[in-house]
Amino acid sequence: MHPDKLGRPLRDLRISVTDRCNFRCTYCMPKSVFDKDYIFLPRAELLSFEEIIRLAKIFVDCGVEKIRLTGGEPLLRKNIEKLIAELARLPVEITLTTNGSLLKKKARVLKDAGLSRLTVSLDALDDEIFRRMTDADFPVVDVLDGIASAAAVGLAPIKINCVVRRGVNEHQILPMARHFRHSGHILRFIEYMDVGSSNGWRMDEVVSSSDVIACVAAEYALEPIDANYHGEVAQRWRYVDGGGEIGVISSVTRAFCSSCTRARLSTDGKLYTCLFAQHGHDLRSLLRAPNCADADLADAVSTVWRARNDRYSELRKNATNAVKKIEMSYIGG
Ligand code: SAM
Ligand code: SF4
Ligand code: SF4
C-alpha cells in the first residue's frame with residue numbers, strides 16, 4: 001500500500017476494544033467529565049470481535065506488522081482472550097496495554113491465547129500518589145502482583161509506562177527507577193500530553209525526558225543505547241552497572257511524527273490517523289453495509305492513509321485546549 005503524504009508507511013494498528021475504564025486517571029478520564037452521568041458507547045455501537053478480526057486482517061494486508069489492543073481498559077472487555085486467540089493467527093505481533101488491575105486474574109489466559117507482549121501502566125509506587133492519579137480505590141500492590149503474574153506465565157520482559165506530571169508524581173521517578181532496576185522489565189517515562197480536551201493540560205506540567213534522565217542519572221550512571229528499530233518512539237538508556245534498561249518517550253519535547261506509522265481504530269470502528277485527530281473515518285458503516293467486500297474496506301483504508309498528513313506534535317503550541325480533540329480512552333492510547 002502507498003505511504004501517506006509525508007512518506008510514512010502504515011505499520012501499526014491500535015485497537016480500542018472498550019471506551020470504559022475502572023480507573024479515572026486525572027490526565028485521561030477525569031471524574032469531572034467521566035462521572036456517573038457520562039454516556040459510554042452502547043453495546044450495539046461497539047465493533048464485535050468478528051468485525052475487529054475482519055478489519056484486522058485487512059489492515060495486515062495493507063502492511064500492518066503490529067497490533068496493540070488498548071482502550072479504555074482492554075481487560076474489561078468480556079472474553080478479550082478469545083479476540084486475542086483469533087488475532088494471534090495473523091502473521092503479526094499482538095500486544096496489549098493495561099492498567100494492570102485485572103492482570104493477576106488474566107495473565108495466564110492472555111499468554112495462552114497467544115499475546116506476544118504486554119505493557120503495564122504504573123505512575124507511582126506510593127499508594128497515596130497512585131490513588132490520587134488514578135482516582136480509584138486500587139492499591140499499587142495489585143498492579144505489582146499483576147506484573148509478577150504476567151512475568152511468571154512468560155510475558156516478560158514487560159514494559160512499564162509511567163506518565164510524569166509535574167507537581168503530582170515527579171518525586172516517584174527515582175523510587176520507580178530503583179524498583180524496576182534489575183527486574184528485567186523496561187520502565188519507560190512518558191511526557192504528559194495534551195490528548196483529548198478534558199484534562200486541562202498545561203505545558204508547565206510536563207516534565208521533560210531530559211529532566212527525567214538527569215534525575216535518574218544523578219543516582220545511577222546511565223548511557224544511551226541504540227533504538228531496536230527505525231522509528232522506535234522510546235529513547236533507550238542503560239544502567240552502566242548492568243541494572244538493565246529504561247526508556248523515555250518525549251512526545252512533547254522531541255516529537256516523532258516524521259516516523260509515525262500508527263493508525264488507530266476506535267471502539268466504534270472509526271479510523272484515526274493521529275492521536276490528536278479531530279475526526280475519524282467511519283469504517284463500521286461500510287463494514288455493516290450489505291455486500292461490502294473486503295476489497296471495499298481495503299480501498300477505504302488505503303484512501304484515508306494516502307491522504308494522511310498529520311504531525312500534530314511537531315506543530316504543537318503551548319495552549320492547545322481551545323481545539324476540541326478526541327479523548328484517548330475512546331480512540332485508544
Ligand atoms: N487503560 C490502559 C492503560 O492505562 O494502560 C490502556 C489505555 S491508556 C489510554 C494507554 C496509555 O496512555 C497509558 O499508558 C496512559 O498512561 C497513557 N496516557 C493517557 N493519557 C495520557 C496523557 N495525557 N499523556 C500521556 N500519556 C497518557
Ligand atoms: Fe483508564 Fe488507562 Fe485512561 Fe487511566 S490511562 S483512565 S487506566 S484508560
Ligand atoms: Fe503520530 Fe500524531 Fe503522535 Fe505525531 S502527533 S506522533 S502524527 S500520533
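Note that ligands are numbered from 1 as they come in the structure, with each ligand's atoms numbered from 1 the same way.
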**Q** Rounded to the nearest 0.5 Å, how far does CE of M29 lie from SG of C21?
**A**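 C21 atom SG to M29 atom CE measures 5.5 Å (nearest 0.5 Å).
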**Q** With a 4.0 Å cut-off, would you call R68 and E93 a salt bridge?
**A**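 Between E93 and R68 there is no salt bridge, as every charged N stays at least 4.0 Å from the carboxylate O atoms.
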**Q** If you measure from the Lys or Arg side-chain nitrogens to the Asp or Glu carboxylate oxygens, is any gap between E50 and R54 under 4.0 Å?
**A**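 Looking at E50 and R54, the cut-off is not met.
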**Q** Applying side-chain hydrogen bond (donor to acceptor under 3.5 Å, both in side chains), run through T18 and E73 and close with a yes or a no.
**A** CA-CA 7 Å; T18 176; E73 175 45 45; over 6 Å; no
**Q** Just one of I52, L55, D282 clears the side-chain contact (heavy atoms from CB on, under 4.5 Å) bar with L287, so which one?
**A** L55
**Q** Can you sort out which atoms of ligand 1 are near E191, meaning under 4.0 Å from one of its heavy atoms?
**A** 25 (C)
**Q** List the steps, then state whether side-chain hydrogen bond (donor to acceptor under 3.5 Å, both in side chains) holds for E191 with S208.
**A** CA-CA 6 Å; E191 290 177 353; S208 70; 5.1 Å; no
**Q** With respect to L122, which candidate in N161, N99, I160 satisfies the side-chain contact (heavy atoms from CB on, under 4.5 Å) definition?
**A**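 Result: among N161, N99, I160, I160 is the only option passing the side-chain contact (heavy atoms from CB on, under 4.5 Å) with L122.
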**Q** For F276, counting its heavy atoms only, list the atoms of ligand 3 lying under 4.0 Å from any of them.
**A** 5 (S)
**Q** Using the test side-chain contact (heavy atoms from CB on, under 4.5 Å), find all partners of R11 that sit at least two apart in sequence or belong to another chain.
**A** P9, E65, T261
**Q** Using a 4.0 Å cut-off to any heavy atom of G71, which atoms of ligand 1 qualify?
**A** 7 (C), 9 (C)
**Q** When you measure from atom 8 (S) of ligand 3 to every protein heavy atom, which one gives the shortest distance, and what is it?
**A** L275 N, 3.3 Å
**Q** Report the part of C25 in contact with ligand 2, treating N, CA, C, O as backbone and CB onward as side chain, heavy atoms under 4.0 Å; options are side chain, backbone, both, neither.
**A**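 For C25, the contact with ligand 2 is made by both the backbone and the side chain.
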**Q** Among all protein non-hydrogen atoms, which one is nearest to atom 1 (Fe) of ligand 3, and what is the separation to 0.1 Å?
**A** C260 SG, 2.4 Å
**Q** Kindly confirm or rule out an N or O of D194 lying under 3.5 angstrom from an N or O of ligand 1.
**A** no
**Q** Which atoms of ligand 1 have any heavy atom of Y192 under 4.0 Å away?
**A** 23 (N), 24 (N)
**Q** Report yes if some N/O of E73 lies less than 3.5 Å from some N/O of ligand 1; otherwise report no.
**A** yes
**Q** Counting only nitrogen or oxygen atoms and a 3.5 angstrom limit, does G72 reach ligand 1?
**A**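 Looking only at distances, the answer is yes, because the N/O contact criterion of under 3.5 Å is met.
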**Q** Assess whether side-chain hydrogen bond (donor to acceptor under 3.5 Å, both in side chains) is satisfied between R8 and S258, documenting all intermediate values.
**A** CA-CA 7 Å; R8 301 166 296 187; S258 60; over 6 Å; no
**Q** Indicate, as side chain, backbone, both or neither, the part of V163 found under 4.0 angstrom from ligand 1 when only non-hydrogen atoms are considered.
**A**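 Answer for V163: side chain.
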**Q** Which atoms of ligand 3 are found less than 4.0 Å from any heavy atom of S313?
**A** 5 (S)
**Q** Are any of the side-chain nitrogens in R166 or E205 under 4.0 Å away from the carboxylate oxygens of its partner?
**A** no
**Q** Does ligand 2 have any atom that is closer than 4.0 Å to a heavy atom of G72?
**A** yes
**Q** Hey, which atoms in ligand 3 end up nearer than 4.0 Å to a heavy atom of F256?
**A** 6 (S)
**Q** Checking a contact table here: which protein heavy atom is nearest atom 3 (Fe) of ligand 2, and how many Å away?
**A**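 Nearest protein contact, heavy atoms only, for atom 3 (Fe) of ligand 2 is C28 SG, 2.4 Å.
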**Q** Only heavy atoms count here, so choose which of S16, P74, S121, C28 is nearest to atom 4 (O) of ligand 1.
**A**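 When every heavy atom of S16, P74, S121, C28 is considered, S121 comes closest to atom 4 (O) of ligand 1.
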**Q** Give me the nearest non-hydrogen protein atom to atom 7 (S) of ligand 3 as residue plus atom name, then the distance to 0.1 Å.
**A** D310 O, 3.6 Å
**Q** For atom 2 (Fe) of ligand 3, find the nearest protein heavy atom and state the residue, atom name and distance (0.1 Å precision).
**A**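 Of every protein heavy atom, C274 SG, 2.3 Å lies nearest to atom 2 (Fe) of ligand 3.
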**Q** I want to know if ligand 1 touches M193 in the polar sense, i.e. an N/O pair below 3.5 angstrom.
**A** yes
**Q** At a 4.0 Å threshold, what atoms of ligand 1 neighbour a non-hydrogen atom of N161?
**A** 14 (O)
**Q** Is it possible for you to check whether R24 lies under 6.0 Å from the centre of the six-membered ring of F34, through NZ or CZ, and within 45° of that ring's axis?
**A**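 Judged by the rule (NZ or CZ under 6.0 Å from the ring centre, within 45° of its axis), R24 is not positioned above F34.
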**Q** For atom 4 (Fe) of ligand 3, what is the nearest protein heavy atom, given as residue, atom name and distance?
**A**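 Here the nearest protein heavy atom works out to C257 SG, 2.3 Å.
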**Q** Centre of Y239's six-membered ring, under 6.0 Å away, within 45 degrees of the axis: is that where NZ or CZ of R181 sits?
**A** yes
**Q** Please report the C-alpha distance between R284 and E51 in whole Å, then the side-chain angles of each, then the deciding distance to 0.1 Å, and finally whether the salt bridge (charged side-chain N to carboxylate O under 4.0 Å, His left out) criterion is met.
**A** CA-CA 8 Å; R284 194 191 62 194; E51 289 171 330; over 6 Å; no
**Q** Relative to each other, are the rings of F130 and F23 parallel, tilted or perpendicular (30° and 60° limits)?
**A**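 Rings of F130 and F23: perpendicular, over 60°.
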**Q** Using distance alone, determine whether T70 and ligand 1 share an N or O pair under 3.5 Å.
**A** no
**Q** Is the closest basic N to carboxylate O distance between R108 and D112 below 4.0 Å?
**A**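 Result for this pair is yes, salt bridge flagged.
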**Q** Would you mind running through ligand 3 and noting each atom that sits below 4.0 Å from a heavy atom of Y312?
**A** 5 (S)
**Q** Below a 4.0 angstrom heavy-atom separation, can you tell me which part of R262, side chain or backbone, both or neither, approaches ligand 3?
**A** side chain
**Q** Can an N or O of D123 be found at a distance shorter than 3.5 Å from an N or O of ligand 1?
**A** no
